[in-house]
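Following: one structure in structure tokens, then a few remarks.
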Amino acid sequence: MNLFQHFRDEIIRIVDELAGQGTIPAGLDTARIAVEPPREAAHGDITTNAAMVLSKPAGMKPRDLAEVLSQRLAGIQWITETDIAGPGFINMRLDSAFWHQRLEEVLLAGTSYGDSTFGQGEAVNVEYVSANPTGPLHVAHARGAVVGDVLASLLEKAGYAVTREYYVNDAGTQVDVLARSAYLRYREALGEKIKAIPEGLYPGDYLISVGEALAKKFGDQWLDADERVWLADIRSFAVTMMMDAIREDLKSLGIDFDVFSSEKALVEKGSVEGVLEKLEKMDLVYTGILEPPKGKTPDDWEPRPQTLFKASQFGDEVDRALKKSDGTWTYFATDMAYHLDKFQRGFKSMIDVWGADHGGYVKRMNAAVGAVSGGEANLDVKICQMVNLKKGGEALRMSKRAGTFVTLSDLIGEVGRDVVRFMMLTRKNDSQMEFDLEKALEQSRDNPVFYVHYAHARCRSVLRNATTEWGDDKISASALAAADLNLLSDPSELEIIKVMAAWPRLVENAAEAHEPHRVAYYLNDLATLFHALWNKGNDDATLRFIVSEDLPLSLARLGLVQGVATVIASGFKVIGVLPLEEL
RNA sequence: GCGCCCGUAGCUCAGUAGGAUAGAGCGCAAGAUUCCUAAUCUUGAGGUCACAGGUUCGAAUCCUGUCGGGCGCACCA
């Protein structure tokens with residue numbers, strides 16, 4: 001349970017009661033009432049701004065209203081103490097038995113602790129990676145892959161019905177380039193000497209095996225054939241191989257999609273004509289000439305009449321082209337059709353995770369979704385800023401042209417899957433990030449992945465030791481849940497339970513804000529508290545987890561340890577990292 | 001020139017939909033250590049939240065402008 005939500009419900013009930021009695025006006029807007037942990041632990045366990053946000057509409061001074069609310073709150077179960085502070089905060093303390101119950105709840109729930117019905121089963125589409133099927137994934141894709149995947153897991157945990165989707169751009173000119181590049185390698189595989197890869201084709205070595213596979217399957221039939229003869233076949237063959245490679249890369253990151261949507265299939269189905277028709281009916285399309293971009297006019301700029309979408313009616317700066325000057329669809333047109341397709345599949349809530357280089361595309365896509373859904377659907381685009389790879393403080397230069405760009409599988413090979421996943425969440429998605437390969441492998445406080453792993457391993461170690469001493473049946477999670485947890489009375493023990501009890505709230509808030517990085521920060525905080533508690537046992541032997549001569553106390557403390565391990569495992573599950581038994 | 005993102009301790013960054021006295025790690029100084037190990041912890045110093053206005057009970061957070069950095073900027077994807 002989200003305990004803050006619980007007490008918020010209680011406060012709203014009291015407000016209604018007071019309104020019923022005429023103490024305060026009826027029909028006050030309670031939406032802005034928040035129940036939160038206070039910033040300072042000294043202020044209590046929970047705090048509410050209710051008196052401050054209601055004071056104006058209620059026509060009362062904040063502190064007077066706080067006084068009234070506070071008296072009622074003191075009668076609520078588990079609230080042992082209320083206090084009015086500052087401009088009108090109501091601070092409350094909760095009975096320690098309440099916290100012991102929370103620990104019991106953790107132990108009974110296991111890693112499903114924090115699961116919530118907050119999302120009420122709402123369908124959410126999370127689209128991420130969607131890299132062009134023209135080569136292997138590289139480091140820049142890793143961040144989007146992890147952010148999208150963990151966000152999806154987080155939303156699932158918070159009670160949304162999530163679909164993980166990959167949009168395969170298998171219809172544009174870039175896959176023709178891929179086909180031509182593969183054709184070159186095909187001729188190479190049949191014995192022809194290829195000197196330099198011509199400008200405009202993909203030079204990567206990864207296409208050599210595509211050429212070989214083509215030669216093996218199709219023989220020399222296309223050796224002297226015109227492009228029109230082989231283009232479609234080679235294109236689809238190469239795209240399939242690229243997608244297989246990409247799926248393989250994603251699998252090594254532990255990522256699996258529910259749906260791969262093909263741009264080609266969408267186009268062939270006539271979806272783009274469909275979206276145009278829909279827009280025409282709404283009078284959102286016209287033929288016109290766009291102004292040159294302000295300031296810097298491209299050299300080859302010339303006025304061209306094009307089919308345009310009235311994006312400016314939906315918050316974009318200018319209207320956007322749906323057709324190129326040669327009459328073919330723009331990428332934007334197919335993308336619009338794709339998002340309409342998502343909407344028609346029942347998604348009113350869509351999240352796209354994109355790279356920084358697509359930042360300028362956000363407004364028009366939001367405009368597009370607003371238009372095609374008639375304002376019913378919502379699109380949130382998460383832009384992942386660049387990742388600068390470093391090794392021992394020195395920047396690793398990535399250049400496709402020089403062939404030195406680091407692939408995703410290189411990165412995973414270097415530091416491991418779990419480290420990549422966790423490290424990608426150590427920054428907000430819209431902040432740039434430095435990823436130091438050496439630091440990521442260090443076993444120190446510097447490395448948050450290790451630090452959290454270490455806390456979990458320490459928990460497991462203590463539990464193993466206890467099992468040796470007292471046997472398996474006493475130390476299982478369910479047995480520990482039945483222990484007398486009220487014996488946990490040290491402030492540091494209660495403090496760590498309070499942080500565990502905040503996990504359900506964090507899941508809901510992070511899911512609602514679409515901010516998966518909060519999970520990583522939360523785990524780091526929990527690990528910090530646990531390491532501190534551990535060391536207290538070193539300073540003061542009476543605070544150790546295992547006190548041989550006191551079985552009941554030990555069992556209660558082992559319950560705490562099991563709880564910490566459980567919540568860490570629960571968070572790791574969202575991040576997609578396996579907790580370690582030992583290091 | 002325009003748009004988006006960012007600007008918080010010496011460095012790298014959080015800041016929980018506007019809350020109380022601004023928070024971590026690293027680095028620096030001093031100390032601790034029989035459960036997983038000095039791979040960890042404790043204490044301390046360190047801040048004009050880029051700058052200037054505004055909104056209100058209350059702003060690092062919202063609005064406007066300025067400065068600085070990143071990404072992008074008819075028809076590519």
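- Residue A:Pro62 is out of contact with every strand shown, counting any heavy-atom pair closer than 4.0 Å.
- Residue A:Lys382 places no side-chain N or O under 4.0 Å from the OP1 or OP2 atom of B:C5.
- Look at A:His358 and you won't find any side-chain N or O under 4.0 angstrom from OP1 or OP2 of B:C5.
- Counting any heavy atom pair closer than 4.0 Å across all strands shown, A:Leu583 reaches a base atom.
- When all heavy atoms of A:Leu555 and A:Ala483 are compared, the pair lying nearest together is CB-CB, 3.9 Å.
- Dashed line: the shortest gap from a side-chain N or O of A:Arg445 to OP1 or OP2 of B:C41 is under 4.0 Å.
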If a pair means Watson-Crick or G-U wobble with both distances below 3.5 Å, what does RNA chain B look like in dot-bracket form, with | marking bases paired to a different strand?
(((((((..((((.....[...)))).(((((.......))))).....(((((..]....))))))))))))....
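- Ring-base stacking between A:Phe89 and B:A20 is satisfied, the centre separation being under 5.5 Å and the plane angle under 30°.
- Atom name P, nucleotides B:G15 and B:C5: the rounded distance is 16 Å, in whole Å.
- When the P atom is compared between B:G10 and B:A50, the two are found 13 Å apart, to the nearest whole Å.
- Both A:Lys56 and A:Asp357 lie near RNA chain B, and the one whose nearest nucleotide falls closer to the 5' end is A:Lys56.
- The shortest distance between the side-chain N/O atoms of A:Lys536 and the OP1/OP2 oxygens of B:C41 is not below 4.0 Å.
- Among the atoms of the strands shown, base atoms are found under 4.0 Å from some heavy atom of A:Gly537.
- Across all strands shown, A:Tyr521 has heavy atoms under 4.0 Å from sugar-phosphate atoms exclusively, and none from any base.
- At the heavy-atom level, A:Glu291 lies nowhere under 4.0 Å from the strands shown.
- Going from the C1' atom of B:G25 to that of B:U42 covers 16 Å, rounded to whole Å.
- Here the closest non-hydrogen pair linking A:Arg143 and A:Ser431 is NH2-O, 2.8 Å.
- Classified by interplanar angle (parallel below 30°, tilted 30° to 60°, perpendicular above 60°), the ring pair A:Tyr454/A:Phe450 is parallel.
- For A:Glu291, the CD atom counts as loosely surrounded, since its 6.0 Å shell holds 12 or fewer non-hydrogen atoms of other residues, nucleotides or ligands.
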At a cut-off of 3.5 Å, list every protein nitrogen or oxygen paired with a nitrogen or oxygen from nucleotides 44-51 of chain B, distance to 0.1 Å.
none

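- Residue A:Ala457 is out of contact with every strand shown, counting any heavy-atom pair closer than 4.0 Å.
- A distance of about 16 Å separates the P atoms of B:U56 and B:U61, rounded to the whole Å.
- Not a single donor-acceptor pair, N or O on each side, falls under 3.5 Å between the base of B:C2 and the side chain of A:Glu317.
- More than 12 heavy atoms of other residues, nucleotides or ligands sit less than 6.0 Å from atom CG of A:Asp326.
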Please write out the pairs of protein N or O atoms and N or O atoms of nucleotides 58-63 of chain B separated by less than 3.5 Å, giving the distance to one decimal.
none

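- Base contact: A:Arg544 has a heavy atom under 4.0 Å from a base atom.
- Between A:Tyr451 and the phosphate of B:C41, there is a side-chain N or O to OP1/OP2 separation shorter than 4.0 Å.
- Of the side-chain N and O atoms in A:Ser431, one or more sit less than 4.0 angstrom from OP1 or OP2 of B:A14.
- Contact annotation for A:Thr47: base contact, defined as any heavy-atom pair under 4.0 Å involving a base atom.
- Remark: the separation of the P atoms in B:A9 and B:C49 is 10 Å, to the nearest Å.
- Using cut-offs of 30° and 60° for the angle between ring planes, the A:Phe332 and A:Phe309 rings count as tilted.
- Regarding contacts with the backbone of B:C75, every side-chain N or O of A:Lys323 stays at 4.0 angstrom or more from both OP1 and OP2.
- For A:Arg304 against B:C75, a side-chain N or O and a base N or O form a donor-acceptor pair under 3.5 Å.
- For the C1' atoms, the distance from B:G27 to B:G46 is 11 Å, rounded to whole Å.
- Between A:Leu480 and A:Gln562, the shortest heavy-atom distance links the atoms CD1-CB, 3.8 Å.
- Across every non-hydrogen atom of A:Ile84 and A:Arg63, the tightest pair is O-NH2, 3.5 Å.
- Looking at every heavy atom in both residues, A:Thr47 comes nearest to A:Pro37 through CG2-C, 4.2 Å.
- In the interface, the side chain of A:Ser325 is not paired with the base of B:A74 through any donor and acceptor atom under 3.5 Å apart.
- Close to B:A77, at under 4.0 Å from its OP1 or OP2, lies a side-chain N or O of A:Thr173.
- If you find the closest nucleotide of RNA chain B to A:Phe450 and to A:Thr48, the one lying nearer the 5' end belongs to A:Thr48.
- In this structure, A:Lys264 places its NZ atom where only 12 or fewer heavy-atom neighbours from other residues, nucleotides or ligands lie under 6.0 Å away.
- Between A:Tyr167 and A:Asn169, the closest heavy-atom pair is CE2-ND2, 3.2 Å.
- At a cut-off of 3.5 angstrom, counting only N and O atoms as typed in the model, there is no donor on one side facing an acceptor on the other between the side-chain of A:Arg320 and the base of B:A74.
- Within the 4.0 angstrom heavy-atom criterion, base atoms lie near A:Glu512.
- A:His456 has its ring centre no less than 6.0 Å from the ring centre of A:His453.
- Within the 4.0 angstrom heavy-atom criterion, base atoms lie near A:Arg464.
- Between A:Asn524 and B:A24 there is no side-chain polar atom (N or O) within less than 4.0 angstrom of OP1 or OP2.
- Residue-nucleotide stacking is present for A:Trp534 and B:C35, judged by a side-chain ring centre under 5.5 Å from the six-membered base ring centre and planes under 30° apart.
- For A:Lys428, a side-chain nitrogen or oxygen approaches OP1 or OP2 of B:G15 to under 4.0 Å.
- Applying the 3.5 Å distance criterion, the base of B:A20 shares a donor-acceptor pair with the side chain of A:Asn91.
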